[in-house]
Structures are given as C-alpha cells and as structure tokens.
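Each ligand, and each atom within it, is numbered from 1 in the order the structure gives. Since we're looking at a predicted model, the values are computed, not measured.
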Amino acid sequence: MLRSEFLDLLLDSIRGRNAATLHTKKKCTRLVDIGDKVRLEFADSTSATADLVIGADGIHSSVRSQFAFDNPRYSGKIVYRGLVSIEDIQPWWHLSTYAVSWVGKDKHLLVFPISENKLLNVVAFVSVEESELGDFQESWVAVGNMKEVVSSFQEFEPHARRILELMPERPRAGAGQAIEDGYILGRALQDYLKSQSDDLGRWMQAYQTLRLPRAQRAQRTSREAGEVYELQGEGLKGKTFDECMPELRNRLKDRMNWVWLEDIDVMYEKLATEMRGQ
Ligand SMILES: Cc1cc2nc3c(=O)[nH]c(=O)nc-3n(C[C@H](O)[C@H](O)[C@H](O)COP(=O)(O)OP(=O)(O)OC[C@H]3O[C@@H](n4cnc5c(N)ncnc54)[C@H](O)[C@@H]3O)c2cc1C
C-alpha cells in the first residue's frame with residue numbers, strides 16, 4: 001500500500017468519527033514538565049498543554065532528543081526506492097509473480113506489487129562504507145542518481161536493470177513496526193480510559209513492555225537479513241555465489257514467520273488481562 005493511501009485511510013476514519021482535531025504545520029520544539037501536565041512549545045511561538053505527549057516524530061525525533069542522547073547510526077547500506085507502473089512492464093515481464101528478490105555480493109534488489117497491483121515497489125540496496133559517503137545525509141527526500149544506481153547493478157540480469165531504469169528520481173516510503181506501535185498504543189489508551197483510573201503511566205509502561213522486544217527483534221533480524229541478501233556475514237563471506245545459494249535459502253525461507261504468526265492482539269490481551277486484574 002502507498003503511504004499516502006494509508007494516511008488518507010487513517011484521516012478519513014478519524015474525520016468520519018470526529019475522533020480528533022488535527023493541527024498541521026506545527027513543529028514541536030520543546031516539552032516542558034509543568035507538574036501533572038506537559039506543555040508543548042511550537043516553532044510558530046504557540047503552545048499547548050496535554051496529559052500525555054506521544055512523540056511520533058520520526059527517526060530524528062526532537063521530542064526523543066530531550067530525553068535520550070543516542071543518535072541513529074548509519075547501517076552501512078544506502079536504499080534507493082521507486083515506483084514503477086505494472087502496466088508498463090507487463091509486456092516484457094518474464095516471471096509468474098511480481099514479488100521478486102535478486103541477490104548479489106554487496107547489493108540486492110527487491111520488488112513487490114502494491115496499490116491493488118497497479119504499482120511495483122522497487123527497493124535497491126547497496127552496501128557503501130561510511131567513509132565513502134562524503135556529504136551524503138540520511139533523509140526521506142534525498143534524490144538518487146539513477147545512472148549511479150543502474151551502474152551499481154550492471155552485473156544483474158537484464159530484467160532487474162530494466163526495472164531500475166524505469167524508476168523515477170523521487171522518493172516514497174512505507175512503514176511496518178510503527179503501525180503496530182500505533183495500534184497497541186491505541187488499545188492501551190482505550191483500556192486506560194475505560195478503567196477511569198489515574199494510572200496512565202502503568203498502561204504506557206505495559207505498551208512499552210509489549211512492544212520493545214518485538215520492535216528490537218524486527219530491527220535485529222532485518223539487519224541480519226540485509227547481510228544475508230548481500231552474501232555477507234558469517235558462513236557466506238568469501239564464498240562464491242553458487243556456494244552461498246543453499247545457505248541463503250535456509251536462512252531466508254522462514255525469516256518472516258515470527259512477524260506474521262505472532263498474534264499481537266493475543267499478546268496484548270494477555271498483558272491487559274493481567275493489568276485489569278491488578
Ligand atoms: C525511503 C523510505 C522507504 C521506506 N520503506 C519502508 C517500507 O517499505 N516498509 C516499512 O515498513 N518501512 C519503510 N520505511 C521506514 C518507515 O517509513 C519508517 O520506519 C516509519 O515511517 C517510521 O514511522 P514514524 O511514525 O516513527 O515516523 P515518520 O513516519 O517519519 O513520521 C514522523 C512524522 O513526524 C513529523 N515531525 C518530525 N519532526 C517533528 C516535530 N518537531 N514536530 C512535529 N512533527 C514532526 C514528520 O513530519 C512526520 O510526519 C521506509 C523509510 C524510508 C525513508
């Protein structure tokens with residue numbers, strides 16, 4: 001699904017139920033603890049007070065930076081993203097599926113259909129040493145150089161390269177764990193409100209207890225998979241492409257099972273039942 005489609009869906013649902021007021025163009029610059037409430041200060045010199053502030057302001061969160069001093073670190077990979085119309089590639093597409101991974105030494109390419117099979121989401125990963133990045137900065141909106149991307153994949157088979165050549169030079173994105181976070185946070189807040197108690201902190205702690213291990217596991221296993229797809233890491237480094245393939249298959253075939261099979265509602269319900277009983 002396109003991020004914009006998902007945001008529209010959320011917005012329509014909020015508007016349909018008149019569930020919240022959305023204030024846009026508000027850049028939060030500071031939070032101030034004022035006893036039993038928090039004051040939010042914004043760049044436009046306005047402010048607001050709240051019982052609870054949820055800092056969902058992304059990887060360079062200014063809210064988080066007031067409480068934690070751990071900056072994000074470069075992962076060793078640059079990811080190029082793009083969308084290609086499936087209608088445009090249909091005449092020459094050679095496989096029975098549009099969900100395909102091409103793997104290679106220090107780079108890999110992933111495509112899958114989104115937006116009701118109208119668009120192909122293209123994700124091209126390239127390992128680049130931090131020392132070679134120059135003044136390149138992590139960003140949602142850095143525009144990649146398509147010639148550079150295509151030349152990075154020049155030894156890949158022609159269909160893979162053709163897909164890359166069709167990628168427009170503009171960025172797009174999606175989200176995974178953040179959506180689960182929002183969902184469980186919503187359930188915990190709902191339970192807190194239903195309980196008509198003043199133990200907001202306890203319900204927020206329950207959210208954290210439930211979400212942190214799963215989110216950290218997603219982060220850890222994604223990093224490991226990134227290495228496997230690029231024939232790096234223990235057991236693969238130094239081997240030929242053909243030698244790596246059986247190992248690759250073994251390591252990747254059930255990789256996502258825990259994400260899909262663990263039922264986060266069941267996990268939440270178990271914890272919430274304990275909380276309600278206390
Ligand atoms: C190019 C790209 C492609 C990606 N593709 C995928 C993918 O296919 N699948 C996947 O699961 N994940 C993907 N991700 C990762 C995913 O987008 C993020 O993990 C996810 O968006 C994080 O959600 P978030 O709510 O924490 O932050 P964001 O989605 O970054 O949202 C933060 C919001 O806070 C706002 N904000 C920032 N600072 C302030 C402030 N001071 N005051 C007020 N508001 C502020 C921002 O404008 C933004 O709207 C991709 C990321 C990128 C960059």
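Using a 4.0 Å cut-off between charged nitrogen and carboxylate oxygen, Glu155 and Lys107 count as a salt-bridge pair. Note on Arg187 versus Asp265: salt bridge recorded, some NZ/NE/NH1/NH2 to OD/OE distance being below 4.0 Å. Salt bridge status for Asp57 with Lys27: absent, with no side-chain N to carboxylate O gap under 4.0 Å. Salt bridge Glu230/Lys77: present, at least one basic N to carboxylate O contact under 4.0 Å.
In this comparison of Ile179, Thr24, Asp57, the heavy atom closest to atom 38 (N) of ligand 1 sits on Asp57. With distances taken over non-hydrogen atoms, the option nearest atom 32 (C) of ligand 1 out of Ala56, Ser222, Ala218 is Ala56.
Using a 4.0 Å cut-off between heavy atoms, Ala178 contacts ligand 1 through its side chain alone, with no backbone atom that close.
Listed for the Arg214 side chain is a donor-acceptor partner under 3.5 Å among the backbone atoms of Val259.
The shortest N or O to N or O distance between Arg81 and ligand 1 is below 3.5 Å. In terms of N/O distances under 3.5 Å, ligand 1 is approached by Arg3. Considering backbone and side-chain N/O atoms, Ile59 never comes within less than 3.5 Å of an N/O atom of ligand 1. Between Lys27 and ligand 1, no pair of N/O atoms sits closer than 3.5 Å.
Paired with Leu210 under the rule side chain to side chain contact (heavy atoms under 4.5 Å, CB included), one option of Ile264, Ile184, Asp181 passes, and it is Ile184.
Close approach to Lys26 involves these atoms of ligand 1, each under 4.0 Å from a residue heavy atom: 42 (N), 43 (C). Per-residue contacts place Gly58 under 4.0 angstrom from the following atoms of ligand 1 (heavy atoms of the residue considered): 27 (O), 30 (O), 32 (C). Listed by number with element, the atoms of ligand 1 under 4.0 Å from a non-hydrogen atom of Ser62 are 41 (N).
Assignment of His60 to the shell around ligand 1 is not supported, since no heavy atom sits closer than 4.0 Å.
Cluster membership check: Ile14 does not share its hydrophobic cluster with Leu7, using side-chain heavy-atom separations under 4.5 Å among Ile, Leu, Val, Met, Phe, Trp and Tyr.
In this pair, Trp203 and Tyr268 present their aromatic rings tilted. The plane angle is within the 30 to 60° band.
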